[in-house]
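Chain A is the first sequence line, chain B the second, and so forth, proteins listed ahead of strands; every chain is numbered from 1.
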Amino acid sequence: MGAVPTLLLVIVLAFFLVHSVPGGPFDSERVLPPEIEQVLLERYDLDDPVPVQLAKYLGNLLKGDFGPSYRSTLNVNQIIAQRFPASLAIGGLAMTLALAAGLMLGTWAALRHNSRLDRVVTGLAMTGISIPIFVVAPALVLIFAVYLNWLPAGWTVSPGPAKYVLPVVALALPQIAYITRLTRASMIDVLQSGYVRTARAQGLGTAAIVRHHALKPALLPVVSYLGPAIAGILTGSVVIESVFGIPGLGEGFVTAAFNRDYLQVMGIVVLYAALVVLLNLLADVLYGLLDPRVRYE
Amino acid sequence: MSQAILEVDSLTIAYDGKPVVDGLTFEVAPAEAVGLVGESGSGKTQTALALMGLLPATAHVRGSATLGGEKLLGRAEAELDALRARRIAMVFQDPSLALNPYLRIGKQLRLILERHGIADGATATRRALDALASVGLPDPDRQARAFPHQLSGGMRQRVMIAAALIGEPDLLIADEPTTALDVTVQAQILALLEEVRKQTALLLITHDLGVVAGHCERMLVLEHGRLVESGPTERVFAAPAHAHTEALIAAHPHLDKAPALSRPAAEELLTLDGIRVSYRAHGSRLKAVNGVELALKKGETVAIVGESGSGKSSLVRAVLGLVPADAGRLCFLGEELSHEVSARETATRRELQMVFQDPLGSLNPQMRVASIVAEPLDVHEPGLSGTDRRRKVVNRLEQVGLDASFVERFPHELSGGQAQRVAIARALVLAPSVLVCDEALAALDGSVREQVLNVLKDVQANTGLAILFISHDLGVVRTLCHRVLVMYLGRIVELADNDVLFSSPLHPYTRALLDAVPVADPTAERPPVLGGEVPSPLSPPAGCAFHPRCPQAVEDCRQHAPGLRRVGATDVACLRASEYLAKA
Ligand code: SF4
C-alpha cells in the first residue's frame, strides 16, 4: 500500500535532482541569442520556478501525459513507446535467464554442499557479483565478438536473434551470480531442516524431496529479491544499451541526460520507478502464496 | 525371540574417534514394544538415526543391524529409500519441526504413498484420509487440507504417526514422541501408540521411565553409549541389576511421597487481586488470564500448573510487569505495583526477578560468568566498589553450588545444569524477595535437576525467598512447592497445599493431570485417559470452561460458571466439588 507515496517521493526527488544539474536544455557550444532562448524557455514553461514546473508536470502525469521532448519532434510518450520494446525484450530475457540459471546452479551447489563443485560455483558467483557490468559487457564483446567472432558485437549490424545473446547474458550475469548465492544458502538451510529429515526418513529420495518439500521454502528469499533484481536489471540496461548501441530506454536516458532533456529523463525515471514498485508488489503477493503462515495471519 | 524382526549387533557410532554409542547389541521381536531409555547424551537418538540411515556423513558407524534379513547399515541411499516407510519408519520428537509448514497435511501423506507406489490419484487421497482417521484426527477431510501450523501440537504428532504408519512398516521408531506435548495430550498419544502396536514392532526412545513402565514389554538402559541393562520391564523395575538403572528409577518423581519443606512465614509479600491479562488477536480479544487472586508469603513456593493456553506464563509476566495486566491490583508488601515494569520504582523492580527455561539462550555468549552475574548489580548498584562487586558475585555462585573458578568461564564452557545455576545466581545477586521460575528446570536431566532443586530449597531456607514456580512436571512440583495453583483457560480451578492437592485432588481437571503422569511402575493400574484438548482461549466454552472434557459434567455445568470457593482445605472452582470431598 506504500506504492503510491513511494512513487510520488521518487518523482519529486528526481525532478529536483534533474533540475539541479548545471546547464539547461538549450545550452550548447553555440550560444543562442537571448531573445530566442527566452521564447524557448517560455514555450516549455522553463521560466517558471521549479516547484511550479513540478506541479504542472504532476498534473499532466495524472492525465497520462509525459510532456514534450526539447530535442525531438516526438513527445516523451511517443519516444517511450518507440524505445520500450527493445528494453523490455532485453530486460525480460535477462530476468528469465537469471532466475532459471540462478535457481538451478544454487540448488545444484546446495545438494553438493562442501564438495569441490560447490566451491567452484560459489567462487564463480562471488566473482560475478564483484565485477561491475561495465567491465563484463566489453569483456564479453572482446571475447565472443572480436576474437572468436561467434556473435555480433552491435545491435544494428545483425537482424537475427543472435544480437540478443551478448547483451542479455551480460545483463543477466550479476543477477545469476546473486540468485545462485541466495538459492544455495536458503536451500542448504532448508535441506538441514527437521521436515526434510522427516521426508528422508519416509524414503522420498532427493529428487522428490527437492521438488515437493524443499523448493517452495527455498524460493522465498529469491522471491523477496525480485524487486531489487529488477532494479539491478534496469540500471544495468542503461550501461548495456549504450555499450551495444541498442535503441532502448536506457540509451534514451543517457542521451537525454546529456542534453538536459528534463522531461524525457523524467519520463524514463517515472516508468522505471513504477516497474520497480510493481515488481515489489508482485513479490509480496507471491510470497503470500508460497508461505501459508503469512497468508493466514 | 529367535525370529527377531530387528537385530542390532555391536553397533558403534563415533565422531572424531569419540564413540557416542559403543558396542550396542539388542533385538526386537515382531509386534514387540521395546523401550530404549537413558539421559540426554546417552546415545538413544544416535542409535535411532543410525537404524534409519540418517546420521550425518561425519559419523563413523560400525557393527551391523538387520531388519527382517535386510541390512540397514552402510547401504546406498536409494536402497534405504526402498526400505523406509515400507519396512522401517520413525516419529520424531517435535512435530512442529518435523512436518513441512509449507505443505498441506494431505499432500505430505500422499507423497509417501505415491513415491512408494502404494497408491496414487484418488486412491492415495482416500488412503491418506483413512490414515488420518485411524490416528483419531477429528474431521480428517478438513485437516487434510490444513497446513501444520493450523493444528495443535497433539494433532500434529498424530499426523506424524499417521505418516509413519501409512506404509505399514515392520518397525516403528518413536524418539521422545511426547516430550514436546502437554501431559494430558502425552497420555493420549501414548494410548495411540499402544493401539499401533498391534500392527508393528515399536522401539520407543524416552528419558521418562514412567512411559516405558506403562508401554513396553522389554527395556534397554543406555549410559554414555553403553548398554548397562536390558530385560523384561517388570523384572528391571522390580530388581534393577545396574546402579544406573536404580538411579534412574529413584530419580523418577514419586507423587505419593510427601516432601520435606521449610515453613513459610506468615508475612504476605506479594498479593494478586483480580488480575486480568488479554491480548488482541485476529480482531478479537484473547483473555489469557481471567481474574486471578493469590497471596504469596515470605519463604513460600507456589507452583503454577496448567497446559498450553492456561495463561500461566501470561500471569507471571503480568506480575513482573513484562506484559501489563489490564485489570486488577498487584501489591508488594502492601504497596501497589504499577502494571508496567518501566513505571515501577527501581527499588521494587529489583525485588522481583525471573529465571527462564532455556539457560544457554538467556546468557550472553560473549560475557564471562562474572560479568553475567554482576550485570544486575551494575544497573542497580553502580556505585559498588570492585571488591564488593566481586564478593557478591562469588557469594551467589557459591550459594548455587559453583565455586569461584567459574567466574572466568564463558557460557559455552558450562553444562546445562551449570548454566541454569549461573542464571539463578544472576537472578539472586540483588537478593530479591520473589523469584519467578518459568519452566526453569525443564531442560535439565534427572540428577542435575535434583541439584538445582536443592539449590532453590537451600536459598529459600536461608533467605526467606518466595518463589512462583511454573512447571509442567508434577514430580518437581511435589518436591519443591508449598502450595499448588492449577489453571485452566485463564482461571484458577484449584488452589491447595501440596499434600492436600496430591492426596485428594478435588477438581476433575487436577485429577486428570495427576492421572496423566506416567508412573514408574509396570504393575500399576493405568487410569483412563482424559480426551479432547484445551479449547482456544479465543472462544472458551460457556458455563464451566472444562465441561466439554469433564467426565463428571452434568447439565448444570453447561450453564453456570463455578467460582472459586472453599471446599474442605481447598479452593476449587467446580460445582460438584463437595460431592467428591464427601466421597474421598
Ligand atoms: S463444574 Fe461440572 S464440568 Fe466443571 S469441573 Fe465440575 S463437574 Fe466438571
Could you look at [X] and say if it's the side chain, the backbone, both or neither that has a heavy atom under 4.5 Å from chain A?
X         : value
Leu103(B) : side chain
Leu49(B)  : side chain
Tyr102(B) : both
Arg84(B)  : both

Around atom [atom1] of [X], are there more than 12 heavy atoms of other residues, nucleotides or ligands at under 6.0 Å?
X         : atom1 : result
Arg142(B) : CZ    : no
Arg211(A) : CZ    : no
Asp16(B)  : CG    : no
Glu168(B) : CD    : no
Tyr272(A) : OH    : yes

Inset, instruction - Examine whether an atom of Leu220(A) lies under 4.5 Å from a heavy atom of chain B, and if so say whether it belongs to the side chain, the backbone or both; otherwise answer neither. - result: side chain

Inset, instruction - State the NE2-CD distance between His212(A) and Glu114(B), to the nearest 0.5 angstrom. - result: 7.0 Å

Legend entry - Contact check, side chains of Gln108(B) and Thr198(A), non-hydrogen atoms, under 4.5 Å: no

Legend entry - Heavy-atom check, side chain of Met52(B) versus side chain of Arg200(A), under 4.5 Å: no

Show the nearest heavy-atom pair for residues [X] and [Y], with the distance to one decimal.
X         : Y         : answer
Pro101(B) : Pro292(A) : O-CG, 3.1 Å
Leu204(A) : Asp81(B)  : N-OD1, 4.4 Å
Ala201(A) : Leu54(B)  : CB-CD1, 3.8 Å

Inset, instruction - Indicate yes or no for a side-chain donor-acceptor contact from His116(B) to the backbone of Gln202(A) under 3.5 Å, with no hydrogens or angles considered. - result: yes

Legend entry - Exam field: side chain Asn100(B) to backbone His213(A), donor-acceptor pair closer than 3.5 Å: yes

